[in-house]
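One structure is given here, and the rest of the page talks about it.
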There are 2 protein chains.
Amino acid sequence: MSIVEGKVAVMSLRHAVLGLLAESPASGYDLMKTFDVSLAHVWPATQSQVYGELNKLTDAQLIEVVAHGPRGRKEYAITKAGRAELHRWLIEVEPTGPQRHDGLLRVFFLGVLTPLEARTFLLQQAERAARAHALYQEVADSSDWDEEMVAVYGRIALEFGLRQTAMMEGWAKWAAEEINSDRARRARDAVKEQEEKAEEQRREMQEQE
Amino acid sequence: MSIVEGKVAVMSLRHAVLGLLAESPASGYDLMKTFDVSLAHVWPATQSQVYGELNKLTDAQLIEVVAHGPRGRKEYAITKAGRAELHRWLIEVEPTGPQRHDGLLRVFFLGVLTPLEARTFLLQQAERAARAHALYQEVADSSDWDEEMVAVYGRIALEFGLRQTAMMEGWAKWAAEEINSDRARRARDAVKEQEEKAEEQRREMQEQE
DNA sequence: CCTCTCATGTAAGCAGTTACATGATTTC
DNA sequence: GAAATCATGTAACTGCTTACATGAGAGG
């Protein structure tokens with residue numbers, strides 16, 4: 001399933017699980033902790049999703065149960081076929097890049113707000129970004145980036161978060177200023193003028209009746 | 001619906017449609033063109049989604065049909081209630097920020113690749129970002145950012161794209177270098193050592209049998 | 001014994017994608 | 001009159017979220 005005649009479903013959750021199990025065997029419960037902490041901002045997943053995916057991956061023989069623990073605990077490990085699929089995904093499947101940014105979507109519609117409201121919104125975005133940046137910075141400072149593979153690539157991912165939030169803050173502040181720019185003022189004047197013209201026409205139409 | 005006792009569904013598609021109709025009346029067909037061009041990287045939507053949402057919004061009286069054209073064309077306009085809902089969403093609902101970045105997800109698992117493969121992957125990411133940046137730059141250069149509200153905020157959104165792609169390129173290049181760093185080399189050595197120890201233990205176990 | 005953590009699962013529903021269906025109008 | 005474009009919709013399916021259900025073991 002999922003791979004039929006070269007046509008491949010996206011489904012990165014599957015590969016997130018495979019990737020985590022490639023590092024070390026774990027139970028669904030263990031994986032959830034990782035999803036809630038490390039992967040929360042990259043690929044969030046819910047408990048029911050993870051347990052469901054583990055069963056599907058087992059059926060597809062990409063992972064297997066290697067130990068049964070107390071309380072029905074099932075420890076999974078990646079299989080050879082699973083490693084191959086993970087490798088294929090990493091090397092051959094084109095990443096799609098980030099999509100669906102609802103903060104940025106709002107920017108397209110800031111014209112319906114007053115300039116003051118729009119400016120406030122953008123400065124709030126800047127602050128949110130700054131707070132997120134500070135949080136990432138804390139993690140970067142507190143963690144001991146020692147001799148582990150996870151650490152090297154985890155650090156690289158964290159650096160992305162740092163740069164992303166810094167970029168966001170700078171952009172939002174710049175955008176807030178831009179609203180007060182000459183260009184924006186001219187645009188607002190033009191819109192107002194059009195509205196006045198339309199109003200005038202409407203009045204004339206009414207007078208004719 | 002969708003708003004029950006302060007509990008609000010996310011559903012930004014609804015607000016994307018409201019936002020577009022707030023600027024000027026349009027048909028589903030018109031909106032699709034906007035979704036495919038301007039909003040493609042911010043909030044992609046399919047044709048069936050848009051037509052479905054238009055009907056739902058009409059039922060909810062947030063928009064209304066203002067004209068019937070040829071070929072069954074229905075032109076929609078936003079209502080007062082729709083404008084209020086759009087305003088509420090813009091001001092009161094917290095943006096969630098970007099989520100689900102499958103390129104970044106891959107970074108977490110680069111440990112399963114050889115250093116060379118990982119480096120290649122990151123440099124490909126850098127190139128992709130550079131290409132996207134060039135594309136945004138072309139739009140920025142070619143468009144006449146004249147006196148229109150859409151232009152001001154469209155330009156601001158475009159600037160986000162420019163900064164985002166520039167950040168991505170810089171980060172990916174930095175990351176590619178980081179793999180050759182001392183820290184990474186030490187991590188790889190440590191992993192190898194552990195594997196050798198495990199191998200040794202396995203051999204000892206077999207000898208005992 | 002009681003509570004907290006560990007541990008796995010099911011069911012309902014919404015959001016998003018893909019594919020299919022249909023027909024009117026314009027353009028060459 | 002054929003092809004391209006305009007225009008709206010439905011159906012099936014996948015992915016994701018929310019809420020519910022259940023129970024075993026550990027620690028006070």
Side-chain angles (χ1 to χ4, degrees), chain A residues 1-17 25-36 39-60 63 65-76 96 99-102 105, chain B residues 1-17 25-36 39-60 63 65-76 96 99-102 105:
Chain A
M1 236 162 282
S2 133
I3 305 171
V4 184
E5 279 179 41
K7 236 187 179 178
V8 179
V10 185
M11 229 190 343
S12 294
L13 172 67
R14 158 160 301 191
H15 299 101
V17 171
S27 67
Y29 194 84
D30 296 334
L31 292 178
M32 265 320 292
K33 278 185 279 183
T34 313
F35 272 103
D36 284 341
L39 296 185
H41 302 295
V42 180
W43 206 272
T46 59
Q47 182 245 53
S48 44
Q49 243 183 314
V50 170
Y51 282 112
E53 197 58 51
L54 283 170
N55 287 324
K56 279 186 223 160
L57 282 166
T58 307
D59 289 347
I63 63 174
V65 178
V66 286
H68 289 268
R71 280 162 293 198
R73 176 188 170 93
K74 288 188 271 181
E75 200 164 77
Y76 294 91
T96 57
Q99 264 174 343
R100 295 217 163 83
H101 188 141
D102 75 331
L105 178 62
Chain B
M1 235 163 282
S2 130
I3 305 172
V4 186
E5 281 177 41
K7 234 185 177 179
V8 179
V10 186
M11 229 189 342
S12 295
L13 173 66
R14 157 160 301 192
H15 298 102
V17 171
S27 69
Y29 194 83
D30 296 335
L31 292 178
M32 266 319 292
K33 279 185 279 183
T34 312
F35 272 103
D36 284 343
L39 297 184
H41 301 296
V42 179
W43 205 271
T46 59
Q47 182 245 51
S48 44
Q49 244 184 312
V50 169
Y51 283 112
E53 196 58 51
L54 282 170
N55 287 324
K56 278 186 224 159
L57 282 165
T58 306
D59 289 347
I63 64 174
V65 179
V66 287
H68 289 269
R71 278 161 293 197
R73 176 188 170 93
K74 287 188 272 179
E75 200 164 75
Y76 294 90
T96 56
Q99 263 175 342
R100 296 216 162 83
H101 189 141
D102 75 331
L105 178 62

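For the OP1/OP2 pair of C:dA7 and a distance below 4.0 Å, the side-chain nitrogens and oxygens of A:Arg73 include at least one atom meeting the criterion. Between A:Arg14 and D:dC16, a side-chain N or O to OP1/OP2 separation shorter than 4.0 Å is absent. Regarding contacts with the backbone of D:dG9, a side-chain N or O of B:Lys74 is found under 4.0 angstrom from either OP1 or OP2.
Taking the side chain to side chain contact (heavy atoms under 4.5 Å, CB included) definition, one finds that A:Thr96 meets it with B:Asp102, sequence neighbours left out. In this structure B:His41 satisfies the ring-ring contact (aromatic ring centres under 6.0 Å, His included) test with no other residue, sequence neighbours excluded. With sequence neighbours excluded, the residues that form a side chain to side chain contact (heavy atoms under 4.5 Å, CB included) with A:Lys56 are A:Arg14, A:Glu53. Scored by the side chain to side chain contact (heavy atoms under 4.5 Å, CB included) test, B:Arg71 finds no partners at all (sequence neighbours excluded). Partners of B:Ser27 according to the side-chain hydrogen bond (donor to acceptor under 3.5 Å, both in side chains) rule, which considers only residues two or more places apart in sequence or in another chain, are B:Asp30, B:Arg73. Every residue meeting the side chain to side chain contact (heavy atoms under 4.5 Å, CB included) condition with A:Asn55, not counting sequence neighbours, appears here in chain and number order: A:Lys74, A:Tyr76.
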ask   = How does protein reach along nucleotides 23-28 of chain C, written 5' to 3' as B (base within reach of a heavy atom under 4.0 Å), S (only sugar-phosphate), or - (no contact)?
value = BBB---
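One atom, CH2 of B:Trp43, and another, P of C:dT17, lie 10 Å apart when rounded to the nearest Å. Between the CG atom of A:Leu31 and the P atom of C:dA7 there is a distance of 12 Å, given to the nearest Å. Distance, A:Leu39 CG to D:dC16 C1': 16 Å, rounded to whole Å. D:dG25 atom P lies 15 Å from atom NE2 of A:His68, rounded to whole Å. Residue B:Arg100 contributes atom CZ, which lies 12 Å from atom P of C:dT17 at whole-angstrom precision. Computed from coordinates, the A:Glu75 CD to C:dT8 C1' distance equals 15 Å when rounded to whole Å. In this structure, A:Met32 places its CE atom 12 Å from C1' of C:dT8, rounding to the nearest Å. In this structure, A:Tyr29 atom OH and D:dA26 atom C1' are separated by 12 Å, rounded to whole Å.
Taking a 4.0 Å limit (strictly below) on heavy-atom distances, residues 44-60 of chain B reaches DNA chain C at B:Thr46, B:Ser48, B:Gln49.
Of all heavy-atom pairs between A:Ala45 and A:Asp36, the closest is O-OD1, 4.4 Å.
Within the 3.5 Å criterion, the main-chain N or O of B:Pro44 finds a donor-acceptor partner in the side chain of A:Arg100.
The shortest side-chain heavy-atom distance between A:Leu13 and A:Phe35 falls under the 4.5 Å cut-off.
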